[in-house]
Structures are given as C-alpha cells and as structure tokens.
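Let me begin by presenting the structure, written as structure tokens, before commenting on it.
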Amino acid sequence: MSEPVDAAATTGEIPRFRYGAALANELEARWQDRWEADGTYRAPNPSGPLSEGFDADRPKLFIMDMFPYPSGDGLHVGHVLGYVGTDVYARYKRMAGYSVLHAVGYDAFGLPAEQFAIQTGQHPRVTTERNIATYRSQLRGLGMGHDDRRSISTIDPQYYRWTQWIFLQIFGSWYDAEAGRARPIAELVAELDAGTRTITTPEHPDGEPWADLDDVSRRRAVDAQRLVYLDEAPVNWCPGLGTVLANEEVTAEGRSERGNFPVYKRALRQWKMRITAYNERLVADLDLIDWPERVKTLQRNWIGRSEGARIRFPIASDPALGIDVFTTRPDTLFGATYMVLAPEHPLVDELVAATWPPETPTAWRGAGLAGAGADGWTSPVEAVAGYRRYAGSRSDVERQVETRTKTGVATGATAINPATGEPVPVFIADYVLMGYGTGAIMAVPAHDTRDFEFARAFGLPITPVVAPTEGWLTGHGLDDSDVDDATSWPEAFTGSGQAIGSANDEVVLDGLDTDDAKSGITTWLEQVGAGEGTTSWKLRDWLFSRQRYWGEPFPIVFDEHDLPLAVPESELPVVLPEIDDYAPVVKGDDDDSVPEPPLGRATAWREVEMDLGEGPRTYRRELNTMPNWAGSCWYYLRYLDPTNEDALVDPEVERHWMQGSTTEAAPAFGGVDLYVGGVEHAVLHLLYARFWHKVLFDLGHVSTPEPFQRLYNQGTVVATVFRDERGFPVPAGEVVEADDGTTTWQGEPVTRELGRMGKSLKNGVTPDEVYAAYGADTLRLYEMAMGPLDADRPWNAQDIVGVHRLLQRVWRNLVDEDTGQPRVDDAPAGDDLRRVLHRTIAGVAADYEGLRFNTAIAKITELNNTLTKSVGADGRTPREVAEAMVLLLAPLAPHIGEELWARLGHTGTVVWEPFPEADPDLLVDELVEIPVQVGGKVRTRIKVDADADAATIEALALADEKVVAAIGDAAIKRVVVVPGRLVNIVT
RNA sequence: GUCGGAGUGGCGGAAUAGGCAGACGCGCCAGCUUGAGGGGCUGGUGCCCGCAAGGGCGUGGGGGUUCAAGUCCCCCCUCCGACACCA
C-alpha cells in the first residue's frame with residue numbers, strides 16, 4: 001500500500017478542507033451512521049411487517065450479490081468488486097425512480113468454517129459469528145446501501161428451520177413424468193390405492209402388485225419414488241475429510257475441491273436429490289433467462305444431454321440375456337465388431353465364461369497387465385477379477401497421465417450384433433464408465449477414436465460403415481480405394497458421411513447420409529424390438545448428505561424398520577445439538593469402515609420420542625447433515641420476507657419482488673432482476689438453486705419457473721504474487737523493490753507473477769487498508785474504474801491515486817478548500833459547458849444502465865476537467881452544473897455525494913434524489929468538426945453545420961486547400977459523404 | 001483433445017450500427033508553486049524520420065470484402081478458463 005496522498009496533513013500545510021483521507025474518513029463514518037439511523041435503504045414490502053412506506057407506483061427491482069462465505073481472513077478488495085457494482089447500480093436505479101431491494105446475508109455452514117474452527121480449537125458457531133461481525137463491519141465501511149432488516153444467516157435456526165422445511169417439501173414429493181412436474185407424494189399414494197397408477201421397478205417391469213404389498217413394502221416402494229431418497233450406491237468417499245462429496249465437489253484429478261484429499265468410490269447408503277428428474281427442464285429453461293452464454297453452455301455441458309439409441313445385443317450362449325448399450329451413432333451398428341462393459345457392470349459376473357474359448361489371444365487374457373501371468377490369466381473369471389483389481393489400483397491421475405493407453409480383458413462371452421447377426425466378443429475395459437449411459441458400449445472401431453485404439457491394440461476387426469469424405473482421405477494420404485478398407489487408416493473416421501456396408505434382409509442404410517441412417521436404423525430397431533431411440537444424460541442425482549457437524553440437521557427420523565419419516569413441521573427447526581467434539585472422523589485411505597457422523601456423539605439427541613400418529617414412540621434421528629449448498633439454494637427468497645414465522649415467504653410479497661422484471665428488454669417472466677457473482681458457481685450453486693426453485697414452483701410455493709432472471713459474472717481481481725526460490729509465495733506486502741526493478745523479500749530474491757488475490761498466494765489487500773489511506777469512496781471508485789465489471793483486472797495500488805485525485809478535484813470545484821463553503825453561484829452555465837453537462841448526463845445514465853461504470857467515471861472526469869478550465873482557479877461553479885455533477889457521482893461515491901449535496905445547501909439525503917435528465921436539444925452541437933479523408937487517409941478536418949446536407953459538405957471539403965493539395969493531379973472517382981460523420985474522397 | 005473467452009501505447013483500459021484508433025487514468029517529461037521532499041497546479045506524451053513544417057507506420061500474424069476494417073469473412077499463432085475416455 002502506498003502512502004496516503006495527504007501524508008502532510010499532520011503538518012498543517014495543506015488547506016483545512018482539502019479532500020483527503022482524513023476528511024473522507026470523517027465524513028464517511030458520519031454518513032454511514034446517519035443512513036443506519038434513518039433506515040435510508042429500507043425497501044418496503046407490499047404487505048406485512050416490512051411494509052411501512054410502500055408505494056405501489058414505484059416499479060420494483062430486486063438486485064442481489066452471491067452472498068459471502070465469512071472466512072477467518074475477512075474480506076479482501078477482490079471480494080468486494082461485485083458488491084460495489086451492484087451497489088452502484090442499485091443507487092442509480094433508486095435515483096431513477098425504482099424501489100430497490102438490495103440486502104446481504106451470510107452463507108455460514110460448511111467445511112471451511114468447520115476446518116477453521118477445528119484449527120483454532122473453537123466452536124464453529126463462535127468463529128463463524130465473529131467472522132460475520134467482521135464482514136458486516138467491512139461492508140458497512142464500504143458504504144453499502146443494504147436493507148439491514150433483511151440480513152439473514154444460514155446458521156440461524158430461524159433460517160434453517162425453512163431450509164429443513166424445503167427439504168421436507170422435496171421429501172414429500174415425487175416427479176410425475178407424464179405431467180412433467182413434481183407433485184405431493186400423498187397424491188401418488190392415493191392413485192396407487194385407487195389403482196389408477198402403478199409403480200414399475202426393475203423387479204416388476206409390469207408394475208408393483210400394490211394391493212398385495214404389506215405396509216413396510218409399500219413404504220419402501222413409495223420412498224423409492226421421492227424426490228429425495230436414500231440410496232445405496234457408489235459415492236465419492238473422502239477419508240481425509242471424513243465425509244462423502246457430490247460429483248460437483250470432486251476435481252478431475254479425483255481429489256476433493258476442498259483440501260485436495262484423495263476421493264474414492266465406495267458404496268454407501270446416502271441421501272440423494274432427484275435432480276435428474278428435471279434434466280429436460282433445466283436445459284430447456286436456460287432459453288428463458290438472461291445469463292451469460294458461457295454459463296448456459298457450462299450448465300448444458302454438465303447436464304450433458306445426448307440423443308441416440310438404446311440397442312440390445314443378445315448373448316450367444318443365452319439369448320434370454322442381453323447387453324443394453326447406448327450410442328449416439330446407431331447408424332454405425334453394422335460396424336460394431338466387439339462390445340465393452342465397464343469392469344464393475346453387474347452383468348459381467350453373469351455372462352463371464354468358465355474357460356477361455358479356443359485360440360483366445362494372450363493379450364485378450366490380460367498378458368502384460370500387472371498381476372497377470374505371461375500368457376494372461378488362466379480363465380475368464382480370473383481375468384475379470386484380476387482386471388478389476390488392476391483397474392481399481394490405477395488412480396484417476398494415472399489413468400490420465402498414462403496417455404490413455406487402452407487396457408482390458410475378454411470375458412470369454414460372445415454377443416450377437418442384431419443387425420449383422422454376427423458374433424462379437426465381449427470385453428471389459430476401464431475406458432467404459434459405469435456412470436454414463438448403460439455402462440456398456442457397442443464398439444465401432446472404424447468410427448470411434450477410442451474403439452479404434454482398442455481394436456488396434458487387441459487385433460480386432462475394423463469395419464468401415466461410413467464412407468470417409470474426400471478431404472479426410474487426402475488429408476491422411478489415402479484415396480478412394482481405401483474407403484472400405486480400414487487397414488491403412490491412421491485413425492478412426494468420426495465424421496458424417498454416406499453409409500456403406502450397412503444392409504441386411506430387412507433394412508438398407510447404404511447411400512444414406514448419417515442423419516437419415518440414424519433415423520432409418522432406429523425405426524428398424526424399434527420395429528424388431530431390438531432397441532429404441534432415447535436420450536442420455538451426464539447429470540447424476542445429487543448426493544445430499546455429509547458426515548460433518550457444521551450443517552443443517554435433517555428433519556428426518558427412522559423407525560424400527562429403518563425407514564425414514566418426516567419430522568412434523570411443528571417440530572421445526574431440528575436444532576443442531578451442542579457436542580464437545582465436533583471434529584469429523586478422519587480415516588486412513590484404505591479404511592473401509594462405515595463413516596460415523598459427529599452427530600452420533602450427541603447421545604441425548606440421537607434418539608427422540610415423538611408422536612407421528614401412532615402414539616409416542618422412540619425414533620432414531622438422521623445423523624448426517626446437509627451440504628453447504630442447502631442454505632444457499634433459496635436465500636434470495638428469505639430476503640423478501642425475513643421475519644415471517646408462518647411461511648417461507650408470503651405469497652403476495654414473493655409475487656411483488658419476483659414477478660416480471662420491469663426494466664429489461666429480455667422476456668420478462670420473473671426472478672431476481674440482477675444476480676451478480678463469480679463464474680465459479682456456474683454449475684454448483686446455480687444448478688442446485690434452479691432445481692430447488694423448480695420444485696418449489698411445481699408445488700406452488702413460488703410464482704416463477706426460474707430463480708434468477710439476469711445473471712452477471714463479475715471478473716476476478718488478480719495481484720502480483722511473489723515467490724521465493726522454492727516457489728512458495730511470500731507476503732506481497734513485505735517485498736521490497738529496488739530501483740532496477742529487482743524484488744527481494746527478507747534479502748532473498750523473489751520472482752513475480754499475477755495470481756488471483758487471496759490468502760493462499762499471500763497477496764491479499766484488505767479494504768480497511770484502502771479506507772485508511774484514501775477513504776471508502778476512493779476504493780469504490782477505483783474498483784469500478786479498473787475496467788469493465790465482467791473482466792479480470794490487476795490490482796495496481798499505484799493507480800488508486802488517480803481516482804482519489806478526481807474526488808479531490810470535484811470537491812475543489814464545488815467547495816472552498818480553506819473555508820469549506822460552497823463555491824457555487826446561481827448564474828446560468830455558459831452554453832458550451834451546459835452542452836458538455838448534458839452530454840455527460842446522457843452518457844453516464846446509459847453507462848450506469850449497462851453496468852459500464854469504468855466509462856461512466858471517464859465521462860464524469862471529462863466533465864470535471866471541463867469545469868476546472870471554465871471556472872478557473874478563483875471562479876465559481878454554476879449551481880446547475882454543481883448539483884448535476886453531485887447527482888451523477890453519488891451512485892459511485894455515495895459519501896462524498898451526500899456531503900457535497902449537504903454543503904450545497906440541501907437537508908435531505910441524495911439517495912432518493914431524482915437522477916438528472918439530459919435535455920435532448922443540448923446533445924447536438926450546432927457546428928461539428930468532421931474529418932476529410934483522401935483515399936481513406938485523414939488529411940484535414942472541417943467545421944460544418946450539424947444538419948448540413950451531403951452536397952454542402954462535399955463542396956466545403958473539395959474547397960479545402962489541404963484537400964486540394966492532397967488530391968493533386970489525380971482524378972476524383974468518387975466522393976463518399978456521411979453527413980455529420982466524415983467525407984472520403986476516392987481518387 | 002473438445003468447448004468457451006481474449007490479444008489495442010511503458011501500464012490499466014476507451015472506441016453506438018463498418019466512419020477521426022488510443023477517451024479517461026497511471027507512469028513518464030517540462031514548467032509553476034514550495035527552503036527541500038512530498039503534495040498541488042499547468043502543459044506535453046502511440047512508434048519511426050525530421051529543428052520544424054510535414055511525412056511514414058500502427059489494434060497478435062497472413063490473406064480477403066469495402067470508398068472506409070480494432071470492428072465483417074477465411075487461415076494461422078499466443079494466452080486464459082471450463083470440461084476431459086460421456087460411447
């Protein structure tokens with residue numbers, strides 16, 4: 001941090017009322033107190049306890065930041081970028097006549113808070129609440145215009161009561177696929193009782209025999225339909241954190257997002273949310289919302305819709321058995337020359353052969369793999385077991401680093417290609433994933449890169465069934481003779497083309513292009529019952545339970561059948577019990593024991609007596625807690641009605657704030673009008689929140705299908721990272737830079753690079769440091785001036801002085817630095833100054849509207865520079881200009897805005913003052929200077945009347961002596977005149 | 001590898017709808033103020049040639065469309081981000 005600009009203030013050599021850090025700090029504290037005392041930023045609800053001052057004529061606007069996770073380190077200047085952006089916009093919109101709801105809450109449950117508490121040996125509630133207090137004070141110091149009555153915290157039992165209530169809504173629902181929406185589970189039970197609906201399961205494909213089921217079986221059947229359900233399935237188990245994790249919390253390297261611990265797949269009984277029921281709608285409704293295209297793309301990719309077909313390959317030895325595969329290229333079915341199952345596919349054990357078929361190559365038997373003999377394993381059963389061990393021992397990192405060499409073993413089984421009738425061998429290989437499609441593929445080596453590699457490695461036939469294009473052939477040094485002979489191909493042809501070699505007695509694809517071949521084969525498959533067109537998705541159900549202490553308890557108990565039951569609403573909240581040891585049970589990497597949630601230590605709490613309709617009985621509580629995402633899935637709704645004890649949110653209040661945006665041109669069907677946050681939440685928080693919102697919408701608790709109408713991603717602040725010779729970051733604030741530019745820390749040389757600001761890179765700058773050196777308004781202005789809000793930007797302490805000087809110069813033009821008295825008079829502004837003013841008003845308003853705060857600041861600076869020249873050192877500023885200037889600046893720098901407004905003689909706050917309006921007549925000059933080009937090069941500029949016509953301008957241009965000189969002897973071929981813009985003379 | 005985003009002075013960045021490239025700020029240079037430093041004020045500052053007048057070049061590179069291209073089209077390079085054996 002550089003020295004304060006007015007370091008000499010203490011020497012008394014500068015004017016008493018010069019705008020510097022001391023003056024800024026004094027007036028900022030004063031105005032923050034006044035705003036708080038006056039409740040300046042309170043946004044009235046249409047009804048209920050927060051309705052005082054409601055004005056039905058004011059259009060509404062709901063503006064939100066992604067709420068902070070209060071860490072022990074406090075805020076740094078990178079965190080506040082988005083907060084300042086929304087605050088400036090909210091302030092502008094208030095002045096433009098809107099009733100703006102802007103509040104902030106705290107996302108305070110979760111792993112980091114718990115880790116911090118464990119490290120410091122304090123209860124997470126103590127550390128979390130202290131962190132929240134720090135954040136509150138830092139944000140207050142920034143001059144945020146938040147409605148303080150609406151600040152919520154996810155750890156408040158009065159808040160998580162409703163998180164639990166929403167959980168119960170989801171638990172009490174099922175997805176009616178025909179209706180395409182969630183419905184109360186009671187309606188399902190009623191339909192089952194009435195016999196108008198049946199539940200189909202893999203065991204009962206024709207429907208559960210409901211009437212014959214006993215109560216427990218019926219409950220099991222119904223529980224399996226709920227939108228949140230218990231499932232015993234492979235999950236991401238992270239021994240280092242002592243908990244399971246959602247897919248979204250595991251990195252591509254197979255490690256935990258938090259803490260970077262290894263993650264293993266383990267079958268555990270866990271709660272899952274049926275987000276996959278909303279696949280289609282989560283994709284389709286992206287078209288309704290005004291979000292950055294890149295975030296929509298990320299969500300689409302994550303949900304991963306792909307169209308294709310499911311095809312059944314019968315097993316040769318037992319045609320009753322069949323392998324279902326999913327493919328996006330059913331048109332290549334005739335080229336399927338082998339099959340691959342994921343190693344853990346349940347069918348493997350059923351179809352594996354007892355002995356190797358004659359002449360099975362040793363490579364197929366696993367020769368060369370760790371654990372196999374020189375000729376491979378001795379039987380298919382051995383090979384399957386051996387390969388599973390081998391694949392399991394390969395970490396995800398290894399699988400990546402080893403350039404994806406294809407490995408696998410044969411199962412000794414043979415399936416029948418339904419199109420050709422030919423037998424095809426069945427393999428297992430870890431390049432086929434159990435988690436996608438059906439966990440099995442038909443391999444078409446001629447037209448799939450991975451299958452091609454596998455086929456080459458295992459000596460399998462490669463049969464072309466799509467003719468490669470000319471370009472592809474020549475690009476690979478091939479010609480027409482190679483079209484149907486893949487032996488010379490260097491790689492698979494994966495593009496579209498004409499089908500070849502694809503005909504049997506019933507269907508002929510030959511000559512069709514890929515799209516037609518796909519539909520042709522699919523129709524045939526459906527006719528003969530060998531398959532069907534279908535859609536596959538990458539998205540999995542959301543693993544929702546954690547073996548940690550610091551989270552919302554589930555409002556669930558278990559009875560003697562070990563079946564879950566909802567805690568009645570009247571019993572909410574289920575308060576997180578106090579326990580002495582809240583640390584997770586961290587396991588060794590190879591410890592297979594069942595995780596023990598810390599809540600199991602709450603011996604007095606873990607069992608409870610309740611009357612759930614069968615008289616008082618003892619139940620066992622669910623001991624897992626909810627993931628961090630639960631509280632952040634719906635907090636925007638609680639801002640609307642934070643004190644409501646009867647409902648999540650009052651319906652009238654919800655409709656008022658969430659129904660159709662009244663400002664944006666985008667199709668306005670509702671949701672938060674503007675939601676600003678980092679792009680790192682593109683799939684996690686934003687996908688989960690959309691899912692919960694849609695469930696609440698289906699159940700009638702909210703009135704819009706999407707939660708966030710407009711999303712905006714602010715950029716990240718990066719700062720110089722200094723590293724020592726070992727590559728470890730050293731505290732950036734302690735690095736010394738020599739005159740020659742070399743940098744050292746404690747005498748040792750250090751390197752420099754740019755990195756995201758934060759504690760881990762030791763390059764954080766706190767807002768408090770900047771307040772002390774320049775004041776909060778300067779920090780706000782600098783954050784906004786650095787560049788476009790959505791761009792990443794480097795923190796450069798040296799540049800802060802520029803915006804500080806702007807405030808100082810504005811102040812000096814309006815206030816006498818010696819006396820503190822206003823320097824304005826009531827004489828009208830000169831014509832030129834007034835035109836500049838009105839152009840600035842129009843430009844700044846447009847910039848605020850478009851969140852272009854950096855150019856708004858540039859325009860205000862230009863206006864002030866003009867003002868400085870026009871009034872001179874001893875002159876006075878025309879009041880109309882002075883007041884407009886203050887109003888233009890107030891959204892960006894609210895404290896100095898209030899102070900100047902008061903010094904200009906006003907008693908009320910500037911916050912609700914109408915934004916100045918530009919006079920359209922003053923936006924055009926009478927004379928404009930336009931460039932004259934000769935042959936596209938500017939040779940001179942001429943002044944013409946703004947409304948001069950083309951002929952007049954052309955005559956003036958051609959008469960100009962510099963133009964005449966530039967043209968010389970050349971003949972004029974053409975003259976292009978754009979009135980008011982330019983002239984171009986073509987020779 | 002696939003998808004997405006971005007390359008403009010020494011630096012951060014401007015540039016409605018294809019129409020004056022470099023707004024505004026930092027830094028730097030000069031001058032004024034000051035005992036000095038800091039601070040403040042005024043002016044200058046894309047690069048090259050030139051005392052100047054003036055000229056040439058210039059938005060990652062190469063081609064194209066156009067009277068006119070940072071902006072549109074094609075090819076290539078570099079950087080950043082996301083996903084990553086998804087059948």
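In the text below, chain A, chain B and the rest are named by the order of the sequence lines, each starting its count at 1. Computed from a predicted structure; not experimentally measured.
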Roughly how many Å apart are B:rC77 and B:rC11, using the P atom of each and rounding to a whole number?
25 Å
Nearest non-hydrogen partners of A:Thr328 and A:Ser306, listed with the distance
CG2-CB, 4.0 Å
Nearest 0.5 Å please: distance from the CZ atom of A:Arg793 over to the OH atom of A:Tyr782.
9.0 Å
Roughly, in whole Å, what's the span from OH in A:Tyr431 to C1' in B:rA84?
17 Å
Salt-bridged, A:Arg300 to A:Glu293, with N to O below 4.0 Å?
yes
Going by side-chain hydrogen bond (donor to acceptor under 3.5 Å, both in side chains), A:Glu817 matches just one of A:Arg823, A:Arg812, A:Gln808. Which one?
A:Arg812
Non-hydrogen atoms of A:Thr877 and A:Asn813 that approach each other most closely
OG1-O, 2.6 Å
Pairwise P distance, B:rG25 and B:rG44 [rounded to whole Å]:
12 Å
Taking any heavy-atom pair under 4.0 Å as a contact, classify A:Glu293: base, sugar-phosphate, or nothing.
nothing
B:rA87 P sits how many Å from A:His345 NE2, rounded?
17 Å
Please check the phosphate of B:rU16 (OP1 and OP2 only) for any side-chain N or O of A:Arg981 closer than 4.0 Å.
no
Of the candidates B:rA87, B:rG19, B:rG43, the side chain of A:Lys869 sits closest to B:rG43
Mind calculating the distance between CG (A:Leu892) and C1' (B:rC24) to the nearest angstrom?
14 Å
Starting at atom CD of A:Glu783, determine the distance to atom C1' of B:rC26, rounded to an integer number of angstrom.
17 Å
Inspect the contact between A:Glu280 and A:Arg305 and indicate whether a charged nitrogen and a carboxylate oxygen are less than 4.0 angstrom apart.
yes
Base-pairing mate for B:rG12 - Watson-Crick or G-U, with both contacts under 3.5 Å:
B:rC24
If you compare every side-chain N and O of A:Arg805 against the phosphate oxygens of B:rC41 (OP1, OP2), does one of them come in below 4.0 Å?
no
Is B:rG10 syn or is it anti, if syn means the base angle is within 90 degrees of 0?
anti
Distance between the C1' atoms of B:rU71 and B:rA15, in whole angstroms?
10 Å
Separation of the C1' atoms in B:rC76 and B:rA21, to the nearest angstrom:
25 Å
I'd like a table of atom pairs between the protein and nucleotides 12-14 of chain B - only N or O on both sides, under 3.5 Å - with the distance next to each one.
from	atom 1	to	atom 2	distance (Å)
B:rG12	O2'	A:Met786	O	2.9
B:rA14	OP1	A:Asn854	ND2	3.0

In the strands shown, is B:rG31 matched to any nucleotide by a Watson-Crick or G-U wobble pair with both distances under 3.5 Å, and which?
B:rC41
Pair assignment for B:rG46, Watson-Crick or G-U wobble, requiring both distances under 3.5 Å:
B:rC57
Selected nucleotide, minimal atom distance to A:Tyr436 side chain, candidates B:rA87, B:rG25, B:rG40
B:rA87
What protein N or O atoms touch nucleotides 67-71 of chain B N or O atoms at under 3.5 angstrom, if any, and at what distances?
from	atom 1	to	atom 2	distance (Å)
B:rC67	OP1	A:Arg974	NH1	3.0
B:rC67	O2'	A:Asn984	ND2	3.0
B:rC67	O2	A:Asn984	ND2	2.8

B:rA6 and B:rG12: how far apart are their C1' atoms, nearest whole angstrom?
16 Å
Looking at A:Lys937, I'd like to know whether one of its side-chain N or O atoms comes within less than 4.0 Å of OP1 or OP2 on B:rG55.
no
When both hydrogen-bonding distances must be under 3.5 Å and the geometry is Watson-Crick or G-U wobble, what is B:rG1 paired with, if anything?
B:rC83
What is the base-pairing partner of B:rU78, counting Watson-Crick and G-U wobble geometry with both distances under 3.5 Å?
B:rA6
Looking across every strand, which nucleic acid part, if any, lies under 4.0 Å from A:Asn865 by heavy atom: base, sugar-phosphate, or nothing?
sugar-phosphate
Between A:Ile428 (CD1) and B:rA87 (P), how many Å, whole number?
22 Å
Just call it for A:Arg852: base, sugar-phosphate, or nothing, with non-hydrogen atoms closer than 4.0 Å on any strand.
nothing
Determine the interatomic distance between P on B:rG10 and the same-named atom on B:rC47; round to the nearest Å.
7 Å
Suppose we define a pair by two distances each less than 3.5 Å, Watson-Crick or G-U wobble; what does B:rC51 pair with here?
none
Where is the tightest heavy-atom contact between A:Val283 and A:Trp537, given as atom of each residue plus distance?
CG2-CZ3, 3.9 Å
Hey, what's the ring geometry for A:His804 with A:Tyr19, parallel, tilted or perpendicular (30° and 60° as the breaks)?
tilted
Below the 4.0 Å mark, does B:rC41 have OP1 or OP2 next to a side-chain nitrogen or oxygen of A:Arg809?
yes
Can you check whether A:Gln798 has a side-chain N or O nearer than 4.0 Å to OP1 or OP2 of B:rC11?
no
If I take atom CG in residue A:Asp448 and atom C1' in nucleotide B:rG1, what distance separates them, rounded to the nearest angstrom?
13 Å
Between A:Asn301 and B:rA84, is there a side-chain N or O to OP1/OP2 distance below 4.0 Å?
no
Just call it for A:Leu982: base, sugar-phosphate, or nothing, with non-hydrogen atoms closer than 4.0 Å on any strand.
base
Between B:rA14 and B:rA23, how many Å separate the two C1' atoms, rounded to a whole number?
5 Å
